[in-house]
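Contents: one structure, followed by commentary.
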Amino acid sequence: RRMPIREASLARAAWVPLSRAAGRIAGETVGLYPPGVALCAPGEEISQAQVDALLGAQRAGASLFGVRAGRVCVVDAPQTAKREGANGGS
């Protein structure tokens with residue numbers, strides 16, 4: 001865990017493409033269904049292995065949660081817009 005869940009959940013955030021999320025700190029829970037298992041929780045660093053697993057599962061027909069329009073919420077620098085939606089606030 002790179003930061004406490006509460007801090008990550010309340011931090012300013014950005015929406016980045018899942019394919020480019022490795023190394024970033026998750027701002028929301030991300031996982032797949034079935035089986036309904038979270039692979040990354042707020043405050044955890046998203047690994048390339050997790051990105052690869054999520055993208056592979058999606059190609060195989062699984063549904064992803066915490067992924068909107070191909071993007072995931074990550075903790076961002078303070079000057080970036082607040083979490084406003086999957087389109088990054090634009």
What pairs of donor and acceptor atoms, side-chain ones from residues 57-67 against any protein atom, are under 3.5 angstrom apart with sequence neighbours left out?
none

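Heavy-atom minimum distance, Val75 versus Ala11: CG1-CB, 4.0 Å. Scanning all heavy atoms of the two residues, the minimum distance from Ser9 to Pro42 falls at OG-CB, 3.6 Å. The two residues Ala13 and Asp76 make their nearest non-hydrogen contact at C-CB, 3.7 Å. Across every non-hydrogen atom of Trp15 and Arg71, the tightest pair is O-NH1, 3.1 Å. Residue Ala26 comes nearest to Cys40 through the heavy atom pair CB-SG, 3.8 Å, listed as atom of the first residue, atom of the second, then distance.
Taking hydrophobic clusters as Ile, Leu, Val, Met, Phe, Trp and Tyr residues chained together by side-chain heavy-atom distances below 4.5 Å, Leu55 shares a cluster with Val74.
How far CD1 of Ile25 is from SG of Cys73: 12.0 Å, rounded to the nearest 0.5 Å.
Checking side-chain atoms of Glu7 against main-chain N and O of Pro4 turns up no donor-acceptor pair under 3.5 Å.
Between Glu28 and Val72, the closest side-chain pair of non-hydrogen atoms is not below 4.5 Å.
Here salt bridge (charged side-chain N to carboxylate O under 4.0 Å, His left out) pairs that include residues 37-50, with residues two or more places apart or in two chains, are Arg1-Glu44, Arg2-Glu45.
Evaluated for a side-chain contact (heavy atoms from CB on, under 4.5 Å) with Val30, the options Leu39, Leu54, Val51 yield exactly one hit, Leu54.
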